[in-house]
Amino acid sequence: PRNAPFVTVRVLRRKASLSAGYAQTQHRVLLTELDDFLEAALFERSALTRFAAVEPDGKRLLLVCVHGRVDAACAKFGVPLQRHLERMQVSGVTVCRCAHFGGHRFAPTAVELPSLRLWGRLTTQTATALATRSGDLPALLRSAYRGSSSVDGYTQLLERAAWDAIGWDWLLYRATGRVTALDGEPDLARLIHPSTQTAPPAWAEVRLDFIRPDGRSGAFTGRVERVESVHTLGSTGGRKLEYAQFALTEFSAAPRTDS
């Protein structure tokens, strides 16, 4: 129907092999068919063809959590940050409010699409650097970068170090990472995020393979070690929880694999 309410839905799927993030498709969906669309997107991808696809606008999307019903801190700190980013009107960037995606203790939090990089404890200064992809990158990474969902929790530390070493150009690289060895876990297929483990391993060895914009390949390797634990609130008004803390204790460039 001409006047029926529609919503635009973005579907992101992790790319196979070396990638710079996630493949994205956009669809214009009737609200009355949204449930059917979500079921198809999650369980029957071939059925998505019956929903109208639209050309992605090519913009980066910054989603700022403002979900105060889940955690008051997300509304208190997220709303002013979202308004600041909107007022900036950065070319090629769309800013939206969103519901929670975890990490309330890091409020204000944001997720960037389609790269699905997660951010927390953002200030107007670091959020400006994030939106414009300029400014003091080491400070941004050190204070606000929670990690890329393209890699596991251990390799996130290596990816942050690689970005810091390469600079903003790292965003033009195609990369993938993996754990190559893990304390007390011979079956790496069972690897889970360190913060969800009841007895986190003492160390992990990690590797990050990449392809530069000029086509040359390379890799970084590192060692991640558990250094301490902290007790802090999981959310506003909640009880204190124990969180294992990890640090990248070794970082080096692996030998080139191309000629």
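Note that this is a predicted model, so its numbers are computed, not measured.
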*asked:* Before you tell me yes or no, could you show the steps for V230 and K240 under side chain to side chain contact (heavy atoms under 4.5 Å, CB included), namely the whole-Å CA-CA distance, both residues' side-chain angles and the distance that decides it to 0.1 Å?
replied: CA-CA 9 Å; V230 298; K240 285 190 174 182; over 6 Å; no
* Measure the shortest side-chain to side-chain distance between W119 and P108 over non-hydrogen atoms and say whether it is less than 4.5 angstrom. => no
Regarding R223 and the six-membered ring of W203, is the cationic atom NZ or CZ under 6.0 Å from the ring centre and inside 45° of its axis? yes
For residues T94 and L62, determine if any side-chain heavy atom of one lies less than 4.5 Å from a side-chain heavy atom of the other.
no
With a cut-off of under 6.0 Å to the ring centre and 45° to the axis, is R121 in cation-pi contact with Y145? no
- NZ/NE/NH1/NH2 to OD/OE distance under 4.0 Å, R97 and E86: no
Output for pair (T232 OG1, R105 CZ), nearest 0.5 Å, gives 7.0 Å
Value for CD1 (I166) from CG (L171), rounded to nearest 0.5 Å, stands at 11.0 Å
- Looking at side-chain heavy atoms only, is the closest gap between F220 and S252 below 4.5 Å? no
Path from V179 to F210 over hydrophobic side-chain contacts below 4.5 Å: yes
Check your understanding: Do the side chains of T155 and R160 get nearer than 4.5 Å, heavy atoms only?
Key -> no
Q. Relative to W163, does R117 satisfy both conditions: NZ or CZ under 6.0 angstrom from the six-membered ring centre, and within 45 degrees of the ring's axis?
A. yes
Original post:
Taking the side chain from T126 and the backbone from L122, do they hold a donor-acceptor pair closer than 3.5 Å?
Top reply: no
On a heavy-atom basis, the closest approach of D183 and P201 is O-CB, 3.4 Å
Students should find that the hydrophobic cluster of V70, defined by side-chain heavy atoms under 4.5 Å apart, otherwise consists of none
Note: with side-chain heavy atoms under 4.5 Å as the link, the other cluster members for V227 come out as none
Side-chain heavy atoms under 4.5 angstrom apart, residues restricted to Ile, Leu, Val, Met, Phe, Trp, Tyr: same cluster for L113 and V11?
no
Quiz item: Can you check whether L118 reaches F106 side chain to side chain, under 4.5 Å on heavy atoms?
Solution: no
- Hey, is R212 close enough to D214 for a salt bridge, meaning N to O under 4.0 Å? yes
query: Does any non-hydrogen side-chain atom of V224 lie less than 4.5 Å from one of T249?
result: no
* pair R60-E112: side-chain heavy atoms closer than 4.5 Å -> yes
Those residues at least two apart in sequence (or on a different chain) that pass side chain to side chain contact (heavy atoms under 4.5 Å, CB included) with S134 are T132
- Query: Would you say V90 and V64 are hydrophobically clustered, going by side-chain heavy atoms of ILVMFWY under 4.5 Å?
  - Reply: yes
ask   = Is the number of heavy atoms from other residues, nucleotides or ligands within 6.0 Å of CD (Q125) greater than 12?
value = no
Heavy-atom closest pair (D164 atom, P138 atom, distance to 0.1 Å) is OD1-CG, 3.6 Å
Item to check | T221 side chain vs R207 backbone, donor-acceptor pair below 3.5 Å | outcome: no
Output for pair (L85 CG, T128 OG1), nearest 0.5 Å, gives 6.5 Å
Between Q24 and P114 the two heavy atoms that sit nearest each other are NE2-CB, 3.9 Å
Open item on the list: If we count only N and O atoms by modelled type, under 3.5 Å, do the side chains of T109 and H104 hold a donor and an acceptor together?
Closed with: no
dist C65:SG -> F101:CZ (nearest 0.5 Å) comes out at 5.5 Å
Here the gap from Y173 atom OH to S217 atom OG, rounded to the nearest 0.5 Å, amounts to 11.5 Å
What one should report as the nearest heavy-atom pair of G102 and R146 is O-NH1, 3.6 Å
Interatomic distance, OG1@T8 vs CD@Q26, rounded to 0.5 Å, equals 6.5 Å
Less than 3.5 Å apart, any donor N or O on the side chain of S148 or E159 sitting next to an acceptor on the other?
no
* If Ile, Leu, Val, Met, Phe, Trp and Tyr residues are connected whenever their side-chain heavy atoms lie under 4.5 Å apart, and connections chain through other members, are L116 and V9 in the same group? -> no
Between D209 (side chain only) and T176 (backbone N and O only), is there a donor and an acceptor less than 3.5 Å apart?
no
Residue pairs meeting salt bridge (Lys or Arg N to Asp or Glu O under 4.0 Å), one or both in residues 61-85, sequence neighbours left out, come to none
Correct closest heavy-atom pair for W168 and A129 would be CH2-O, 3.6 Å
(message) Applying a strict under-4.5 Å side-chain criterion to I, L, V, M, F, W and Y, I'd like to know whether L208 and F246 cluster together.
(response) yes
Name the atoms and distances for all side-chain donor-acceptor pairs under 3.5 Å in residues 33-55, with sequence neighbours left out.
residue: T49; atom: OG1; partner: S46; partner atom: O; Å: 3.1

task = Check whether any side-chain heavy atom of V93 lies under 4.5 Å from a side-chain heavy atom of K59, and answer yes or no.
result = no
Correct closest heavy-atom pair for A139 and S143 would be O-OG, 2.7 Å
Residue set satisfying salt bridge (charged side-chain N to carboxylate O under 4.0 Å, His left out) with R142, at least two apart, ordered chain then number -> none
Neighbour count >12 (heavy atoms, 6.0 Å) for atom CD, Q89
no
